[in-house]
A.B. asks: 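Following this message is one structure expressed as structure tokens.
Order of the sequence lines fixes the chain letters, A, B, ..., with proteins taken first and strands second; residue numbering starts at 1 for each chain.
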Amino acid sequence: MKIMKSTPASTRRFAKLMVALAAAAVTAVAAQTPTKNSMRDKWSAQDIATLGAMRLTQAGPRPPDASNAHEQRADAAAFGRALFNDTRLSKNGQVACASCHSADLQFQDGKPVGQGVGTGKRRTMPVMGAAQSPFLFWDGRKDSLWSQALGPMEDAAEHGGNRARFASLVLMHYQDPYRAVFGNRPALGKLPQDASPGGTEAERSAWAAPPAGSRDAVNRVFANMGKAIAAFERNISYGASRFDKYAQATVAGDARGQEVLAPQEVRGLRVFLTQGQCVTCHNGPMLTDHAFHNTGVPPTDRVKPDQGRADGVAKLLQDEFNCLGRYSDAKPEQCGELQFLASNDAGQLAAFRTPSLRNVAQRAPYMHAGQFATLGQVVRHYATSPKAALGHSELAQPGEKHADRQTIRLSPAEVLDLTAFLGALTGPVVQEK
Amino acid sequence: LRGEQPRRPEVKAFRRISTTVALAVLAFLATLGLEGCMSPPKDLHMALDQPSGAGVYRVALLPPAKAPAINQMHSGNVKLATPDGTPVHGATFAVDGGIPGHHHHPPPLSVHGATFAVDGGMPQHGHGLPTQPRVTRELADGTCQLDGMKLSMTGWWEVKLAIVGPQGADKVTFNTIDFNPPAGQ
């Protein structure tokens, strides 16, 4: 019986091996032959590796934020959604996070600069992709989603409020969800109605009045508001675009799959990877290097130009809500970005965060203060590579001898091709329930 | 500041320090395969264990065993020895990244009570490191741990170390080409 049994078993193993070998052969043929022979668009091995690394799937699961112990909780996200849409969290009762980060508008506002209770100085950034970024805002002055959410609350041009008022308001109107997520409410003590260390002069002097314990309790509730909002925001993400399908088809050797991009868009993609030099900073699955660069974008205020990252670094280091602060849930060794923060760098002057190019065609105007109305203008800016009004542009200026970077030269046709390609980066906005 | 505060074990190592080694890590990158744009030179010297420029030291850059993904914070080691291979013990290191194209000399950086000197020349153009790595502790046999390294894209990175030790000052340049895909896979 044993022999009888073992024979079919070994036969099955042999059959399995043959199937595996055949499958491997088919895979090899699929991966190589069409790539070399029948693919509509031919790319070098290095280009295919670069395109593969730009697929959205390569982003993997959203990295956990160690500084926010509540971010993955559904009840925190539901609480955060309510706060995100609550206009009571503003000076005039008319501004919520959703006012500028509208679900109908790619979670941004389509305006050159934010319009809250006043007029801001910078372009509203979308919520999608924020959970993947080590630094938030154009100047990276925040290092977590929850800490970012607190900034606009006290900005005079945005919500225009202050933490003392908002903490009291949240504990009054959201008693149950607050307790469910964060436990018992801290005792705020006797507080002035409006107080904050960073508000108006009156708010700042009021902030000094209550005992330290009250200030700490207010900060705790304020931080928890941000943590709930972050739990909501981290579920808002980019979906796959036509470019992702094209890159996947190209990596897999799927000739027909390449048809998802029109020939002009493919020409634009080649410009993106080569003489356009876009991929230098817009790389990886989020189409950003998450870093800061001065590319000579003209400031809106030439008298007092925006200092960008140079100011952002200083603000981040002083922020009591950063990863190393007392309201962070992270251990110090989990705050690598802050521990090894690049500071004291002249290149940070007037440098701004590389934005993701995902869905970029859906969110004109462009740059950190909405300087350009169209993507064509953006591309022509890089083709012109003007000198920076403040600091030093990293782009090689026309005529300049550059050690390792060439001047970006684009023909009018290439500008059009590149612009067309940028339209292929649009995908759905995904909101997990 | 130094005497009063509780120290981490890694910082205690700095107490015994007799040598000062200033490492300036200046990195810039270029992308491979960008026809004519940023291909690295064909004769790029790739050794990660080499004598410093004037032959004062022998320096080895030891990357982590598992190659880091793009934008993944990682650690490596720096091994410092005399030309005959004798480890240089008790060194302190200061590490700095910078945006090339800008000459800057930041002030010494005080971290956890230990004073770090910052030094280094600048490559002409390109990107600096996205982080400011530094040596956090001394391991055995003249090997120090370099933390906070992060490369923001695939391609050619240049790492320059400026060394000041008992045998004098010297510099060394390492080239490394990173092919790894982004983090999160």
A.B. asks: Return the CG to OG1 distance between A/L341 and B/T131, rounded to the nearest 0.5 Å.
C.D. replies: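 The distance works out to 9.0 Å.
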
A.B. asks: Please list, chain by chain and in numerical order, all residues satisfying salt bridge (Lys or Arg N to Asp or Glu O under 4.0 Å) with A/E71, sequence neighbours excluded.
C.D. replies: A/R234

A.B. asks: Identify the two heavy atoms, one from B/N71 and one from A/D289, that lie closest to each other, and give their separation to 0.1 Å.
C.D. replies: ND2-O, 3.5 Å

A.B. asks: Less than 4.5 Å to any heavy atom of chain B: does that hold for the side chain of A/E337, its backbone, both, or neither?
C.D. replies: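 Contact with chain B involves both backbone and side-chain atoms of A/E337.
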
A.B. asks: With a 4.5 Å heavy-atom cut-off, do B/K150 and A/P134 have their side chains touching?
C.D. replies: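 The answer is yes; the side chains approach within 4.5 Å.
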
A.B. asks: Sequence neighbours excluded, which residues qualify as ring pair (Phe, Tyr, Trp, His ring centres under 6.0 Å) partners of A/Y246?
C.D. replies: none

